[in-house]
Amino acid sequence: MREIEKGMEGMPHPIPRTVEEVFNDFKGRRSGLIKALTTDVDKFYQQCDPEKENLCLYGLPNETWEVNLPVEEVPPELPEPALGINFARDGMQEKDWLSLVAVHSDSWLLAVAFYFGARFGFGKNERKRLFQMINDLPTIFEVVTGNVKQLKDQSANHNGSSKSKSSAKSRQSEPQGKMVKMSPPSKDEDESGEEDEEDDEQGATCGACGDSYGTDEFWICCDICERWFHGKCVKITPAKAEHIKQYKCPSCSSKRARV
């Protein structure tokens, strides 16, 4: 019989035992944390009231998140995330505070993953495979700060594709027209920049979930921070995008509202 972990929200989660199961648990928690710090940032900000007691940000295996008090059990069943994240909220610039929470969240995710590895006796090769799978994903810090895009841009410049990169942001995306909200370029422009553009777009990652670019998905670029997002992650459809003159992602929109 499999062991069951009771999550912070009271719902049971199966305890992961294999490398693949631990990695899936990692991805689920990571997705929840990224949502809290990007698409759900307004809700997260409000819940981190400095007047409350020590609060922690938990990512859950079902891709949700929760701000809550630390568990009372000592020692805890799982490693605990950073304590008291709410106390620093009003004493720092918002972007610096979110970056700090992101760094601690990355550390916590690794702690939980390798706790499971130690608990179920992962050997050297299993630990190495688990770390390689985790390392292939951008960190939460990279997603929140936009460093993922900067790394992509550096790679694009190295390949001499800066010209095609700028045009990619104002085009209807490859053959299916998936990546933007504006009109496609002329046929000549499309043919001349096609190869370089493919190299650039394949390095793109979603600013909300951190997943890599796929040609079968609709993407949209924020005109403020210039990060790319899955349409489904920011609740924008291709039809809705056609009527948006300047798109602002949830994070940029919330920053302007609080200024």
Side-chain angles (χ1 to χ4, degrees), residues 7-9 26-71 76 78-113 134-135 137-153 205-211 220-230 233-235 246-259:
M8 290 295 297
E9 79 287 19
F26 176 94
K27 287 198 300 181
R29 296 178 190 274
R30 173 181 173 274
S31 294
L33 292 169
I34 289 175
K35 287 178 184 176
L37 299 173
T38 56
T39 56
D40 295 347
V41 68
D42 279 342
K43 182 179 178 182
F44 170 66
Y45 188 91
Q46 292 170 2
Q47 290 189 18
C48 291
D49 186 348
E51 298 300 320
K52 294 182 179 180
E53 297 182 45
N54 288 308
L55 294 176
C56 302
L57 172 62
Y58 294 88
L60 306 176
N62 61 356
E63 300 187 4
T64 60
W65 59 274
E66 184 176 66
V67 171
N68 212 330
L69 294 171
V71 297
L78 290 177
E80 283 287 288
L83 181 67
I85 57 171
N86 51 315
F87 295 147
R89 191 196 73 177
D90 293 346
M92 306 173 63
Q93 290 190 3
E94 181 183 343
K95 65 178 182 178
D96 295 332
W97 176 67
L98 292 174
S99 297
L100 179 64
V101 176
V103 169
H104 282 292
S105 297
D106 281 320
S107 301
W108 177 67
L109 285 179
L110 286 173
V112 172
I134 290 173
N135 202 40
L137 296 173
T139 64
I140 298 175
F141 176 78
E142 289 172 335
V143 173
V144 170
T145 60
N147 285 352
V148 174
K149 180 184 180 301
Q150 293 175 17
L151 293 173
K152 172 182 74 87
D153 289 348
T205 53
C206 176
C209 69
D211 286 346
I220 189 166
C221 181
C222 175
D223 291 310
I224 305 301
C225 66
E226 299 188 340
R227 286 189 291 173
W228 288 99
F229 297 87
H230 288 113
C233 289
V234 291
K235 299 179 181 178
Q246 183 184 54
Y247 174 67
K248 299 174 187 175
C249 68
S251 179
C252 290
S253 296
S254 65
K255 288 175 183 177
R256 289 185 66 88
R258 281 195 288 271
V259 171

Colleague: Using modelled atom types and a 3.5 Å cut-off, is there a donor and acceptor pairing between side-chain atoms of Asp223 and backbone atoms of Tyr247?
Modeller: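 Confirmed, Asp223 side chain pairs with Tyr247 backbone.
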Colleague: Could you tell me whether the side chain of Gln46 and the main chain of Lys43 form a donor-acceptor pair under 3.5 Å?
Modeller: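 Not at all, since once roles are kept as given, no pair shorter than 3.5 Å links the two residues.
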Colleague: Has the side chain of Trp108 got a donor or acceptor atom that lies under 3.5 Å from a matching backbone atom of Pro79?
Modeller: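 Side chain of Trp108 to backbone of Pro79: a pair is present.
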Colleague: What pair of heavy atoms forms the shortest contact from Val143 to Gly210, and how long is it?
Modeller: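 Taking Val143 first and Gly210 second, the nearest heavy atoms are CG2-CA, 4.0 Å.
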Colleague: Restricting to non-hydrogen atoms, name the atom on Cys48 and the atom on Leu55 that form the minimum distance, rounded to 0.1 Å.
Modeller: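 Closest approach of Cys48 to Leu55: CA-CD1, 4.2 Å.
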Colleague: Between Asp106 and Ile140, is there a donor-acceptor pair closer than 3.5 Å when you use the side chain of the first and the backbone of the second?
Modeller: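 Judged by distance alone, yes, a pair lies under 3.5 Å.
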Colleague: Less than 4.5 Å apart, side chain to side chain, heavy atoms only: is that true for Leu37 and Trp65?
Modeller: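 Not in contact.
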Colleague: Using side chain to side chain contact (heavy atoms under 4.5 Å, CB included) as the criterion, list what pairs up with Gln93, not counting sequence neighbours.
Modeller: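 Side chain to side chain contact (heavy atoms under 4.5 Å, CB included) list for Gln93, sorted by chain: Lys95, Asp96.
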Colleague: Between Asn68 (side chain only) and Cys56 (backbone N and O only), is there a donor and an acceptor less than 3.5 Å apart?
Modeller: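 Flag not set: sc Asn68 to bb Cys56 has no pair under 3.5 Å.
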Colleague: Are the aromatic ring centres of Trp97 and Phe44 under 6.0 angstrom apart?
Modeller: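 Yes, ring centres under 6.0 Å apart.
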Colleague: Has Ser31 got a side-chain atom pairing as donor or acceptor with Lys27's backbone, closer than 3.5 angstrom?
Modeller: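 Checking the backbone N and O of Lys27 against the side chain of Ser31, a donor-acceptor pair under 3.5 Å is found.
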Colleague: For the backbone of Tyr58 and the side chain of Arg29, can you confirm whether one donor and one acceptor N or O come within less than 3.5 Å of each other?
Modeller: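 No; zero donor-acceptor contacts below 3.5 Å.
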Colleague: What closest approach, in Å, do Ala113 and Phe26 show between heavy atoms, and which atom pair accounts for it?
Modeller: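 Looking at all heavy atoms of both residues, the closest pair is CB-CD1, 4.2 Å.
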Colleague: Rounded to the nearest 0.5 Å, what's the gap from CZ on Arg227 to CD1 on Ile220? Could you check?
Modeller: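 Rounded to the nearest 0.5 Å, the CZ-CD1 separation comes to 14.0 Å.
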Colleague: Report yes if some heavy atom in the side chain of Cys209 is under 4.5 Å from a heavy atom in the side chain of Glu63; otherwise report no.
Modeller: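 The answer is no; the side chains never approach within 4.5 Å.
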Colleague: List for me each residue that meets side chain to side chain donor-acceptor pair (under 3.5 Å) alongside Asn86, sequence neighbours excluded, and say none if there are none.
Modeller: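 With neighbours one apart ignored, the set is empty.
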Colleague: Is any side-chain heavy atom of Thr38 less than 4.5 Å from a side-chain heavy atom of Pro250?
Modeller: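 When only atoms from C-beta onward are counted, Pro250 and Thr38 do not touch, as no gap falls below 4.5 Å.
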Colleague: Below 4.5 Å, heavy atoms only, C-beta onward: do Arg30 and Leu33 meet side chain to side chain?
Modeller: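 In short, these two side chains do not touch, never coming nearer than 4.5 Å.
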Colleague: Hey, could you give me the NE2/OG1 distance between His230 and Thr39, rounded to the nearest 0.5 Å?
Modeller: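 One finds 13.0 Å between NE2 of His230 and OG1 of Thr39.
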